[in-house]
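Single-structure report; data block below.
Remember, it's 1-based here, ligands and their atoms both numbered in the order they're listed. The residues of the chain are indexed from 1 along the displayed sequence.
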Amino acid sequence: MFNKRVIIKDLLTWEPGSQEVTVMGWVRTFRNGQFIALNDGSTNSNLQVVLDLGKYGSEFQKRIAVSAALKINGTVIASPGKGQKLELKATSVEILGDSDPEKYPLQPKKHSLEFLREIAHLRFRTNTFGSVFRIRHALAFAIHKFFNDKGFLYMHTPIISASDAEGAGELFKVTTLPLENIPKNENGSVNFKEDFFERSTNLTVSGQLEAELGATAFGNVYTFGPTFRAENSNTARHLAEFWMIEPEMAFYDLEDNMNLAEEFIKYIIKYAVAHNREDLEFLTQRLEDEEKHLPQDKRSEMSLLQKLEFVLQHEFERITYTEAVEILKESNYNKKEKFRFPVTGWGMDMQSEHERYLVEKHFKKPVIIRNYPKEIKAFYMRQNEDGKTVTAMDILVPGIGEIVGGSQREERLDRLEQRMKEMNIPEKDLWWYLDIRRFGTVPHSGFGLGFERMVQFVTGMTNIRDVIAFPRTPGNAEF
Ligand code: ATP
Ligand code: MN
């Protein structure tokens with residue numbers, strides 16, 4: 001059997017007592033012809049492996065290069081050196097895979113994140129990305145655990161969709177029509193009757209509408225899957241392919257919805273803080289080092305771990321959209337014309353600089369804004385009695401801005417139909433969505449959490465391209 005290896009993360013917790021073990025992993029460094037720092041991806045910490053001096057010939061030693069894959073048998077002993085409790089005294093070393101140091105692009109030094117993006121197939125082998133992706137994994141697991149423990153049903157909504165009802169962003173078309181010879185109707189439009197689905201289809205921008213169908217049968221459901229938006233916004237918080245968590249709950253009003261969202265966000269942060277201590281400590285240090293060259297007033301007031309603890313210990317601020325606009329209008333920032341986009345007043349769609357002002361400068365903690373003008377929100381949000389606003393809520397967090405968008409859904413058929421008419425959304429495309437309001441309609445609510453933005457918040461990574469394995473952005477679909 002090949003796979004009788006001890007995982008380094010486990011091994012490092014042992015009491016050294018001359019146990020004989022096999023480990024496998026990749027070389028991080030090799031010093032003095034004697035000390036190998038071996039990493040197997042289970043933890044940021046390397047296992048120190050000690051070779052008998054002179055036991056291996058110089059040809060063999062040369063092959064113990066950065067990122068070479070090794071299988072090592074040895075005995076676990078207390079380490080006389082500083083920095084580790086134990087080490088592995090090697091009895092045999094086998095090279096499973098060589099790594100030519102002349103060609104290997106990663107060296108044991110600091111590389112820029114931009115450079116690492118170009119070699120995203122190798123960047124997992126760095127400490128930073130090791131930590132980021134172990135945390136990403138833990139957050140994904142925590143999300144399923146949170147909802148499962150609460151009795152939510154995990155629902156898989158379709159990736160290929162025929163509806164563009166949401167208007168959430170530009171769509172990626174899905175087609176098997178020959179691009180060089182597209183069949184046309186007499187009036188010149190594309191003849192989708194000849195396409196695979198005999199209609200126009202696209203990659204989904206959200207699983208919400210289908211999740212609502214599930215919620216009105218199962219009570220509480222959630223989706224967790226990829227969504228696609230061909231938005232040409234080259235920002236540090238937008239991807240063309242990103243993962244979204246979308247719970248939908250029957251018998252929930254907006255307040256229930258906000259309560260769930262806050263509990264949920266705190267739960268998954270708490271999970272990471274409890275289970276990814278080492279990785280978070282590493283990323284905390286990394287951020288501190290990165291900010292060292294900045295002037296004092298540009299540095300974060302709190303370290304990454306302090307920020308996470310702070311979020312766990314404090315209630316999210318809850319304000320209305322109207323209050324938010326007032327605060328922006330009255331702010332010194334606005335009076336000194338420091339915003340790039342002026343605060344025009346009630347009805348404005350807040351830009352990310354406005355959102356970040358509210359969370360970072362004014363409240364200095366996560367904020368939930370509710371009751372937005374209906375003109376800037378989607379058709380399915382429940383209309384308030386004032387005739388102007390809808391029961392929507394966004395959650396904003398420091399460093400990122402919007403992380404959650406949600407609402408109570410319009411459950412009254414006549415109101416929904418009227419709003420769809422006003423917004424020119426054809427009823428025939430959404431007959432199934434309207435049916436839910438015909439047969440046992442109930443007050444219900446839900447929200448969408450952008451998974452990568454959550455991972456950004458927890459890891460402190462400033463660019464969203466660095467928290468997904470292989471980012472899809474305008475002009476970039478490598479790997
Ligand atoms: P934004 O204003 O930041 O573009 P949005 O209003 O388009 O966000 P929603 O349609 O409400 O966002 O989507 C729900 C959540 O999905 C957002 O709160 C955000 O966390 C995430 N999200 C939206 N667009 C993207 C994207 N292009 N890349 C990554 N995450 C996204
Ligand atoms: Mn958007």
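Counting heavy atoms from C-beta outward, E410 and Y380 have side chains that stay 4.5 Å or more apart. Looking at M350 and L328, their side chains come closer than 4.5 Å, going by heavy atoms from C-beta outward.
Each of the following atoms of ligand 1 lies closer than 4.0 Å to a heavy atom of G448: 14 (C), 15 (C). Near V404, meaning under 4.0 Å from any of its heavy atoms, are these atoms of ligand 1: 18 (O).
Considering backbone and side-chain N/O of G450, one or more are found under 3.5 Å from N/O of ligand 1. Looking at ligand 1, you'll find an N or O of I403 within less than 3.5 Å of one of its N or O atoms. For ligand 1, the polar-atom distance check finds no N/O of I464 at less than 3.5 Å from any of the ligand's N/O atoms.
Between R409 and E248 a salt bridge is recorded (basic side-chain N to carboxylate O distance below 4.0 Å). With respect to E301 and K364, a salt bridge is recorded, a charged nitrogen being found less than 4.0 Å from a carboxylate O.
Distances shorter than 4.0 angstrom occur between a heavy atom of E402 and an atom of ligand 1. For I395, the closest heavy-atom approach to ligand 1 does not fall below 4.0 Å. Residue M454 places no heavy atom under 4.0 Å from ligand 1.
Cation-pi check for K388 over W346 is met; the charged atom lies under 6.0 angstrom from the ring centroid and within 45 degrees of its normal.
Contact annotation for E231 and ligand 1: only side-chain heavy atoms (C-beta onward) come within less than 4.0 Å of the ligand. Here H238 has heavy atoms under 4.0 Å from ligand 1 in both its backbone and its side chain.
For K145, the NZ atom sits in a loose shell: 12 or fewer heavy atoms of surrounding residues, nucleotides or ligands are nearer than 6.0 Å. Applying the 6.0 Å contact sphere to NZ of K9 captures no more than 12 heavy atoms from other residues, nucleotides or ligands.
A side-chain contact (heavy atoms from CB on, under 4.5 Å) with N371 is found for exactly one of I319, T391, T322, V390, namely T391.
Summarising the contacts of atom 29 (C) of ligand 1 with F228, F242, F447, the nearest heavy atom is found in F242.
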